[in-house]
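Data block below; observations after.
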Amino acid sequence: MAVIQKYGKNYSPDLVCHKENHPPDKIGVPGSHKKWAEHNTNWPRPVARVWTVVLLLGTCLLYCARVAMPICAVSMAEQFGWTKRESGMVLGSFFWGYCLTQVFGGYVSDRVGGEKVLLLSAAAWGSMTAFTPILAHFCSQPILSMTLARFLMGLLQGVHYPSLASLCSQKVVESERGFLMSTVGSGSYLGTLVIGGAGSLMLDLYGWQSVFYVSGLLSVLWAYCMWKYLLKGEGPIITLESLGSGGAQPKLSKRHWLRLFKQPAVCAVIVTHLCTASTFFTLLSWLPTFFKDTFPDAKGWVFNVIPWLVAIPSSLFSGCLSDHLISQGFDTASVRKLMQFFSMGVSSVFTLLLCGNTTFSWAVAFVSATMGLTTFSHSGVSVNVQDLAPSCAGALFGVMNTCGAFSGVLMVYFSGYLIEATGSWASVFALITTINLLGLCTFLAFAEARRVDIDSSKVRHHNIHI
């Protein structure tokens, strides 16, 4: 009898990779390990680069469609006679739908493949965006139709990032995940810039309807091109059988999920992502008001554009840096912690500098540095979930994103209360710094990069050969 074990640099003695050529024990449903081998073939580097560009464009269009309503809200309110409260109800309804489908989208992606969920959702929310003006004009109560439309947009777009996480964990090797996720993540900043510039121009020249038509039709065109040229016209076919029979990943039982959430590393990524999302949403929501209150004569395009121009190359740099360090042999967990240190630790230094008296130029510089460094989380906690649990990365990322979205909204409201109660922006920036440091300390203390989604007792049995 010989006992053979292979350890990667991120594996504990009890955990090994599924790729080992040992006779599999029959865990889960029949055929699940066969499907693991079929669906988890990593993309060759040229194919991965093509997918990276395509997913970058998809995320850019996602944000173009998402931000179309906020850009057009003032014009629509004037045309339909909405109050501020009614406008807020329309804009806020997106969030509730967005939270509801995070976990579901990740679960389905883990079962049938993230590319199928991305394709179906993009075709759906693209069509919804294009039909928004029609719904507004042909409904007797535009406020109701627009609130429902934004809620449905949230439902459909809520599956995007969990599907990306699932797809990346299934198709991208560990040493290249940071670049893909950071590049695709920069699409959100690019989309915000594109719709902010081109959308504002279309709004002035052709009316608010044109913003929805163009962003919606381009999104549908992107989905068609992905289906035609990357998926070769196959699928997306999602059946109840595929959801229940194992799909792309072997099904995890309730016991496995409970065991997963007892892992300190899993709790660490959830808490850290919660803190990261909370501070990012707060900065995103309140920075324009901060500049208007503190520097009333400043030009809005400066502080609304420059930080995002800095964030795009910063996000790309963080992905290249993390992948380079891993390919050079540095421990994956250490690299993830380093990226998160820049994202939450170093960025907090620049956030604190906003507490003092400063000029407009320095304030823009501090905010740009803060937003740029924040993007390093794309190569930190956002990728770490794929290291820990590739078999359920989509669903687990959905849990993280749901917690982050809810906590983000609560912190945005609480920050508004602090501003009114104290009359000082320093209290908000101090709160952001405190939350960042809490998340950073949690991640540095408990984060790992070894797989924790494998039952060690059963894996140990696989290593025994006679």
Side-chain angles (χ1 to χ4, degrees), residues 62-63 65-71 73 82-106 125 143 146-162 165 185 188-189 191-192 269-290 304 307-308 343-344 347-348 351 367 370-371 374-375 377 381-382 396-422 425 427-439 442:
L62 177 93
Y63 267 78
R66 181 181 300 185
V67 182
M69 180 65 79
I71 286 179
W82 295 346
T83 64
K84 294 289 186 182
R85 183 177 180 181
E86 289 173 330
S87 297
M89 182 175 67
V90 172
L91 294 173
S93 59
F94 174 90
F95 158 76
W96 299 110
Y98 187 73
C99 290
L100 291 178
T101 52
Q102 294 281 331
V103 179
F104 174 76
W125 55 256
I143 184 67
M146 291 300 94
T147 300
L148 179 60
R150 287 297 289 177
F151 176 77
L152 292 176
M153 276 288 290
L155 284 176
L156 296 171
Q157 290 198 350
V159 305
H160 185 83
Y161 281 103
S188 61
Y189 315 123
T192 302
V269 296
I270 294 175
V271 171
T272 305
H273 185 79
L274 183 152
C275 294
T276 301
S278 298
T279 54
F280 179 78
F281 286 150
T282 303
L283 289 171
L284 187 67
S285 300
W286 286 110
L287 279 178
T289 306
F290 162 75
N304 283 327
W308 303 114
S343 175
M344 306 183 81
S347 69
S348 295
T351 304
V367 169
T370 298
M371 301 306 294
T374 299
T375 64
S377 65
V381 66
S382 295
L396 189 56
F397 191 88
V399 173
M400 293 164 51
N401 232 18
T402 301
C403 295
F406 274 117
S407 63
V409 170
L410 292 177
M411 189 165 168
V412 168
Y413 283 130
F414 184 67
S415 297
Y417 168 78
L418 280 181
I419 296 170
E420 289 187 357
T422 64
W425 285 95
S427 59
V428 175
F429 296 133
L431 174 64
I432 291 172
T433 302
T434 302
I435 298 298
N436 268 338
L437 294 180
L438 174 63
T442 303

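Values below: every heavy atom of this structure, side chains too, minus hydrogens, waters and symmetry copies.
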**Report entry** Partners passing side-chain contact (heavy atoms from CB on, under 4.5 Å) against Thr433 (at least two apart in sequence or in another chain)
**Finding:** Ser348, Thr351, Leu352, Leu437
Report task. Determine, step by step, whether Leu62 and Tyr161 satisfy the side-chain contact (heavy atoms from CB on, under 4.5 Å) criterion, reporting the C-alpha distance in whole Å, the side-chain angles of both residues, the deciding distance to 0.1 Å, and the verdict. Result -> CA-CA 10 Å; Leu62 177 93; Tyr161 281 103; 4.2 Å; yes
Requested in this report: Could you list the residues that satisfy ring pair (Phe, Tyr, Trp, His ring centres under 6.0 Å) with Trp286, not counting sequence neighbours?
Outcome: none
Query - Residue list, side chain to side chain donor-acceptor pair (under 3.5 Å) with Ser427, at least two apart or on another chain - result: Thr422
**Report entry** Heavy-atom pair with the smallest gap, counting every atom of Val381 and His273
**Finding:** CG2-N, 4.1 Å
Query raised in the report: Below 4.5 Å, heavy atoms only, C-beta onward: do Arg66 and Tyr63 meet side chain to side chain?
Result: yes
Query raised in the report: Once you round to the nearest 0.5 Å, how far does OG1 of Thr276 lie from CZ of Phe281?
Result: 11.0 Å
Query - Rounded distance (nearest 0.5 Å) linking atom CG of Leu283 with atom CZ of Phe429 - result: 7.0 Å
Report summary line: Sorted by chain and number, sequence neighbours left out, side chain to side chain donor-acceptor pair (under 3.5 Å) with Arg150 holds for none
Report summary line: The side chain to side chain donor-acceptor pair (under 3.5 Å) partners of Thr279 (sequence neighbours excluded) come to Asn436
**Report entry** Non-neighbouring partners of Thr375 that pass side chain to side chain donor-acceptor pair (under 3.5 Å), sequence neighbours left out
**Finding:** Ser314
**Report entry** Steps toward side-chain contact (heavy atoms from CB on, under 4.5 Å) verdict (Met411, Ile432)
**Finding:** CA-CA 9 Å; Met411 189 165 168; Ile432 291 172; 4.0 Å; yes
Query raised in the report: Going through the distances and angles, do Met146 and Trp82 end up as a side-chain contact (heavy atoms from CB on, under 4.5 Å)?
Result: CA-CA 11 Å; Met146 291 300 94; Trp82 295 346; 3.7 Å; yes
**Report entry** Nearest heavy atoms of Ser343 and Ser377, plus distance in Å
**Finding:** OG-CB, 3.4 Å
Query raised in the report: Within the distance-only criterion (no hydrogens, no angle test), does the side chain of Gln102 pair as donor or acceptor with the backbone N or O of Tyr98 below 3.5 angstrom?
Result: yes
Requested in this report: State the SG-CD1 distance between Cys275 and Ile270, to the nearest 0.5 angstrom.
Outcome: 12.0 Å
Report task. Say whether, by atom type as modelled, one donor and one acceptor occur between the side chain of Ser415 and the main chain of Val428 under 3.5 angstrom. Result -> no
Query raised in the report: Rounded to the nearest 0.5 Å, what separation is found between the CZ atom of Phe94 and the CG atom of Leu152?
Result: 11.5 Å
Requested in this report: Give me the ring orientation class for Trp308 and Phe280: parallel if the planes are under 30° apart, tilted from 30 to 60°, perpendicular past 60°.
Outcome: perpendicular
Query raised in the report: Nearest 0.5 Å, what's the OG-CE distance between Ser93 and Met69?
Result: 7.5 Å
Report summary line: Closest heavy-atom pair, Ala65 versus Gln157, reported as atoms and distance to 0.1 Å, is CB-NE2, 3.9 Å
Report task. To the nearest 0.5 angstrom, please state how far the CG atom of Leu155 sits from the CH2 atom of Trp96. Result -> 13.0 Å
**Report entry** Closest non-hydrogen atom pair, Ile143 against Thr147
**Finding:** O-OG1, 2.7 Å
Requested in this report: Report yes or no: does Glu86 contribute a side-chain atom to a donor-acceptor pair with the main-chain N or O of Thr83 at less than 3.5 Å?
Outcome: yes
Report summary line: Pro162 and Gly398 have their tightest heavy-atom pair at CG-CA, 3.9 Å
Query - Given Val159, Val399, Leu396, the one that forms side chain to side chain contact (heavy atoms under 4.5 Å, CB included) with Val103 - result: Val399
**Report entry** Closest non-hydrogen atom pair between Ser347 and Thr370, with its separation
**Finding:** O-OG1, 3.7 Å
